[in-house]
Amino acid sequence: MIKVEFLGPIAQAPIEMEAETLEDVSVRLKEDRTLAQWLDKCAVALNDTMVNDLKIVLKDGDRVSILPPVCGG
Amino acid sequence: MIKVEFLGPIAQAPIEMEAETLEDVSVRLKEDRTLAQWLDKCAVALNDTMVNDLKIVLKDGDRVSILPPVCGG
Amino acid sequence: MDLYKGPLDTKEIFGRWLDEEVRSNYGAYISFVGTIRAEDGIEALSFDIYEPVLQTWFDRWQEKAKKLGAIVKMAHSLGDVPVHKSSYLSAVFSPKRRVALEMIDAFVEDFKANAPIWKYDVKKGKRIYASDRSTPMDGAGLLA
Amino acid sequence: MDLYKGPLDTKEIFGRWLDEEVRSNYGAYISFVGTIRAEDGIEALSFDIYEPVLQTWFDRWQEKAKKLGAIVKMAHSLGDVPVHKSSYLSAVFSPKRRVALEMIDAFVEDFKANAPIWKYDVKKGKRIYASDRSTPMDGAGLLA
């Protein structure tokens with residue numbers, strides 16, 4: 001079981017799911033039409049490290065964060 | 001009569017001279033061997049405006065400043 | 001890196017950073033202050049920050065700076081910051097002026113593009129995500 | 001533009017400039033502090049300034065800044081400034097961050113190249129012209 005959390009302006013509670021890779025996470029999130037709209041502009045962190053590879057293998061207890069477009073300063 | 005003054009590290013009192021143009025000033029200053037050594041690295045101001053033309057015609061009371069290499073900050 | 005609830009005390013932070021580095025024999029200290037502009041009828045801007053990823057981002061910049069003999073510092077506001085108050089301060093200390101001038105530019109631009117901070121306009125007490133001024137982070141779209 | 005005998009009170013000047021522009025609706029305030037590094041056995045650096053030409057140089061920068069909606073400020077020391085004290089402060093205020101980042105770089109570099117200021121090392125109380133670190137101004141060599 002892994003946990004997916006949504007940061008900043010995405011109004012969505014965390015989701016727990018079974019997933020082997022980030023690809024599985026992508027498939028699951030795209031099922032939700034509201035979330036799907038965010039995905040093309042969101043970056044992804046795994047356990048607070050930014051990641052850039054869908055093939056990464058997930059393990060039990062992993063935390064995936066979805067980071068929408070930013071504007072600090 | 002015009003006045004030539006030497007700024008910063010050039011240890012030289014102001015000189016008064018007759019000069020029609022900056023070219024005349026150049027000729028006069030080159031006669032002094034110590035001054036001549038400074039000239040290739042010095043910029044020139046006429047009445048506190050930086051100038052870049054030897055043909056400029058001088059008038060009585062003009063003040064020419066010789067500015068050696070700078071290092072502010 | 002320091003995060004503060006509400007507006008920054010810009011003078012205090014600028015002076016504290018100066019004191020912290022008084023013995024580091026720097027030659028150049030460049031600071032960048034970001035202040036909320038009055039525009040488009042806003043009362044304030046408001047900020048969410050995801051601190052774990054921000055800390056990692058900042059740590060990497062500290063390492064990059066160290067390799068060039070420089071030091072970076074940063075402060076940012078959490079929550080609401082009224083117009084004409086400051087929400088962001090960053091700085092570079094370096095023995096060399098060129099290093100400092102180039103680093104403050106690269107640091108501030110990378111901050112804008114990749115620091116996990118979300119901005120909201122505050123109008124009539126309501127928070128509205130500033131989507132038009134926000135930038136997808138490096139690597140965005142991975143799950144799309 | 002302000003000239004001070006001896007070291008600058010960096011915090012006071014930084015804060016005063018901030019207060020001066022509090023109503024100008026700037027978004028970015030970048031400041032550059034130049035501090036005397038301890039090196040080569042110096043006790044202090046010492047500065048001569050030719051103020052009339054410096055003022056003209058600075059006025060031209062103010063105009064250039066104004067065209068881009070920005071404001072430049074500057075302070076410099078006259079005479080001796082001991083190591084670890086500051087001799088130079090400059091700043092850009094601008095609605096836009098890119099304008100400020102590019103202008104502080106161009107301003108500081110042009111200052112280094114063309115501000116009529118002469119620097120001396122102070123060693124055992126003696127002033128020695130820093131000729132190795134000095135740069136001929138634009139147009140140098142006219143009379144050679």
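Heavy atoms only, all atoms of each residue included: D:Ile117 and D:Phe47 are closest at CG2-CD2, 3.8 Å. Closest of all the heavy-atom pairs between B:Trp38 and B:Pro9 is CH2-CG, 3.9 Å.
Atom NZ of D:Lys119 is separated from atom OG of D:Ser46 by 11.5 Å, given to the nearest 0.5 angstrom. To the nearest 0.5 Å, atoms CG (B:Leu67) and CG (D:Asn114) are separated by 10.0 Å. The structure places OG of D:Ser90 at 7.5 Å from CZ of D:Phe111, a figure rounded to the nearest 0.5 Å. In this structure, the separation between NZ on B:Lys3 and CZ on B:Arg63 is 7.5 Å, given to the nearest 0.5 Å. Here D:Met103 contributes atom CE and D:Asp105 contributes atom CG; the two are 11.5 Å apart, rounded to the nearest 0.5 Å. The distance from the CD atom of B:Gln37 to the CG atom of B:Leu39 is 10.0 Å, given to the nearest 0.5 Å.
For a residue to count as touching a neighbouring chain, one of its non-hydrogen atoms must lie under 4.5 Å from one of that chain's; by this rule D:Tyr120 touches chain B with the side chain only. In this structure, chain D has a heavy atom under 4.5 Å from the side chain of B:Lys30, while its backbone stays farther away. Both the backbone and the side chain of B:Leu54 come within less than 4.5 Å of a heavy atom in chain D.
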Evaluation steps, side-chain contact (heavy atoms from CB on, under 4.5 Å), between B:Met50 and B:Val44: CA-CA 6 Å; B:Met50 302 304 294; B:Val44 180; over 6 Å; no
Working for side-chain contact (heavy atoms from CB on, under 4.5 Å), residues B:Ile66 and B:Cys42: CA-CA 6 Å; B:Ile66 308 299; B:Cys42 284; 3.6 Å; yes
side-chain contact (heavy atoms from CB on, under 4.5 Å) between B:Leu35 and B:Ile15, intermediate numbers included: CA-CA 12 Å; B:Leu35 284 181; B:Ile15 300 172; 4.1 Å; yes
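Other residues, nucleotides and ligands place no more than 12 heavy atoms under 6.0 Å from the NZ atom of D:Lys96. Residue B:Glu5 qualifies as enclosed at atom CD: its count of foreign heavy atoms under 6.0 Å is above 12.
By a heavy-atom distance cut of under 4.5 Å, not one residue of residues 7-29 of chain D is near chain B. Near-neighbour residues of residues 56-89 of chain D relative to chain B, defined by a heavy atom under 4.5 Å from a heavy atom of that chain, comprise D:Thr56, D:His76, D:Ser87, D:Tyr88. The contact list for residues 121-144 of chain D toward chain B, using heavy atoms and a distance under 4.5 Å, reads D:Tyr129, D:Arg133, D:Ser134, D:Thr135, D:Pro136, D:Met137, D:Asp138, D:Gly139, D:Ala140, D:Gly141, D:Leu142, D:Leu143, D:Ala144 by residue number. Taking 4.5 Å as the heavy-atom cut-off, the residues of residues 18-25 of chain B that approach chain D are B:Leu22, B:Val25, ordered by number.
Considering only heavy-atom pairs separated by less than 4.5 Å from chain D, the leading option among B:Gly8, B:Ser26, B:Gly73 is B:Gly73.
Between the side chain of D:Asp40 and the main chain of D:Ile42, no donor-acceptor pair closer than 3.5 Å is present. Looking at B:Asp62, its side chain does come within 3.5 Å of a backbone N or O of B:Lys59 through a donor-acceptor pair.
Side-chain contact between B:Ile2 and B:Glu16 is absent, with no heavy atoms from C-beta onward closer than 4.5 Å. B:Phe6 is not listed as a side-chain neighbour of B:Pro14, based on a closest heavy-atom distance of 4.5 Å or more. Between D:Ile36 and D:Leu45 there is a side-chain heavy-atom pair separated by less than 4.5 Å.
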